[in-house]
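Note that these values count all heavy atoms, side chains included, but never hydrogens, waters or copies made by symmetry.
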Amino acid sequence: MQALTVTDLGVDFPHAAQVAKVVRHRTDTKTGKQSRETVYVITDLPSRQASPERIAKILRAH
């Protein structure tokens with residue numbers, strides 16, 4: 001996972017503090033088919049409150 005502190009995204013997310021890129025790799029246990037999914041997370045938590053590791057932990061628990 002990669003996280004980036006932002007100050008102005010230029011979009012309608014006025015309280016955004018960080019953006020994280022998450023790449024998920026999955027394998028279907030029945031078919032063995034592999035897939036990859038990229039998602040982006042926008043959070044109002046600054047890096048001092050949510051490190052990349054903490055963001056990853058929050059996502060896994062969600």
Side-chain angles (χ1 to χ4, degrees):
M1 179 176 75
Q2 299 172 329
L4 174 67
T5 299
V6 295
T7 55
D8 183 14
L9 289 177
V11 293
D12 194 21
F13 292 100
H15 302 290
Q18 292 190 85
V19 175
K21 176 182 176 182
V22 181
V23 180
R24 298 175 179 157
H25 298 269
R26 298 179 182 181
T27 302
D28 185 308
T29 57
K30 293 180 182 178
T31 65
K33 181 179 177 184
Q34 296 181 345
S35 64
R36 183 179 73 179
E37 175 184 43
T38 302
V39 296
Y40 295 90
V41 178
I42 299 173
T43 180
D44 63 349
L45 297 173
S47 60
R48 69 181 180 278
Q49 290 180 323
S51 66
E53 294 80 13
R54 180 157 183 238
I55 292 172
K57 185 177 179 179
I58 291 167
L59 291 173
R60 286 187 196 104
H62 189 285

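- Among Leu45, Asp44, Ile42, the single residue meeting the side chain to side chain contact (heavy atoms under 4.5 Å, CB included) criterion with His15 is Asp44.
- Val22 and Tyr40 fall into different hydrophobic clusters, where Ile, Leu, Val, Met, Phe, Trp and Tyr residues are linked whenever their side-chain heavy atoms come under 4.5 Å apart, directly or through other members.
- Partners of Thr27 under the side-chain contact (heavy atoms from CB on, under 4.5 Å) rule, at least two apart in sequence or in another chain, are Gln34.
- Residues satisfying the side-chain contact (heavy atoms from CB on, under 4.5 Å) criterion with Arg26, sequence neighbours excluded, are Arg24, Ser35, Glu37.
- Applying the side-chain contact (heavy atoms from CB on, under 4.5 Å) rule to His25 yields the partners Val23, Arg36; only residues at least two apart in sequence or on another chain are considered.
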